[in-house]
Amino acid sequence: MRLCPLIFSQVLYEDSQMVTLTAPYIAGFLAFRETPFLLEALQRLERNQPRLLPQVVFVDGNGLFHYREFGLACHLGVLSGLPCVGVAKNLLQVQGVYKSEEHQSKIAALQKGGDSFPLAAASGKVLGKALRSSDKSSKPVYVSVGHKISVDTAVHLTHSCCRYRVPEPIRQADFRSREYLRTHFPAADT
DNA sequence: GCGACAG
DNA sequence: ATCTTGTCGC
C-alpha cells in the first residue's frame with residue numbers, strides 16, 4: 001500500500017471556502033447535512049489541483065456503522081468515487097451495539113495502540129471496529145468502511161495516521177478550520 | 001413519558 | 001457540536 005492521506009486536510013485548509021449549512025444536525029442524518037459541501041470541496045480540488053486528489057479520504061463520522069448501514073463516509077465515497085474511511089469519536093448506539101458493561105470491558109481490554117474489537121450487529125455482521133488509536137488514549141475511536149476499502153485496511157490505516165487519538169487528517173482539518181474562523185471572523189456578537 | 005443523541 | 005472548571009504531564 002502506498003497512500004498519502006495527510007494531503008487532503010492540508011488542501012482543504014488552503015481551499016478555505018466558507019459555506020452555510022442549512023440542514024439541522026440530527027443523529028443518523030449527518031450525511032444530509034454535510035455531504036454536499038464535502039463533495040463540492042473534492043470537486044474543486046479535482047478541477048484546480050487534480051494532482052493532489054487523495055487516494056483515500058478520512059471522514060469525521062461513520063460509514064457502515066450506522067442505523068441504515070450508510071453513514072456520511074458512504075455517501076461521500078459513492079458520490080466522489082474515492083475510497084473513504086469513517087472515523088467517529090463517539091459511539092453511535094446502533095443495531096445491538098450499546099455502551100453496555102460488556103462493551104466497556106472490551107474497551108478496557110484494549111491494551112495498546114492498534115488493538116481493536118469488532119462492532120457487530122445482532123445479525124453478527126461486523127459494522128465497524130473500536131480502535132485504540134494510540135498507547136496514550138484509553139478512549140477508542142470507531143472505524144468503519146465508507147467506500148472501496150475493507151474494515152481491516154481502514155483500521156490499519158487509521159492507526160498508522162494517529163499521533164494522538166484522532167487521526168491526523170481529521171485532527172488537522174478540525175484544527176485549521178477553527179484557526180481560520182478565529183483569524184477571519186473573531187467574536188461575532190449580537 | 002424516557003432515554004438516546006456520528007457532528 | 002459548544003461551554004466551563006480543574007488536573008496532569010512534558
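Chain naming here is simple, since letters A, B, ... match the order of the sequence lines and numbering starts at 1 in each.
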Using a 3.5 Å distance criterion without hydrogens, assess whether the side chain of Ser116(A) forms a donor-acceptor pair with backbone atoms of Leu131(A). no

Earlier contact from the 5' end, DNA chain C, for Lys136(A) and Asp174(A): Asp174(A)

In terms of ring plane angle, is the pair Phe65(A) and Tyr142(A) parallel, tilted or perpendicular, where the classes change at 30° and 60°? parallel

Applying a 4.0 Å non-hydrogen cut-off, can you work out what Phe29(A) is touching in the nucleic acid: base, sugar-phosphate, or nothing? base

Give one of base, sugar-phosphate or nothing for Gly86(A), where a contact means two heavy atoms less than 4.0 Å apart. nothing

When you check the gap from the basic side-chain N to the acidic O, do Glu168(A) and Arg171(A) get nearer than 4.0 Å? yes

Can you check whether Phe70(A) and His147(A) have ring centres sitting under 6.0 Å from each other? no

To the side chain of Gln93(A), which of dA6(B), dA1(C), dA4(B) is closest? dA4(B)

With respect to the phosphate group of dC5(B), does any side-chain polar atom (N or O) of Asn90(A) fall under 4.0 Å of OP1 or OP2? no

Considering every strand and a 4.0 Å limit on heavy-atom distances, what is the contact class for Asn62(A): base, sugar-phosphate, or nothing? base

C1' gap between dA4(B) and dA1(C), integer Å: 16 Å

Can a side chain N or O of Tyr25(A) be found less than 4.0 Å away from OP1 or OP2 on dA6(B)? yes

Nearest-Å distance once atom C1' is located in both dT2(C) and dC5(B): 15 Å

Closest listed nucleotide, where the reference is the side chain of Arg178(A) and the choices are dC5(B), dT2(C), dG7(B): dT2(C)

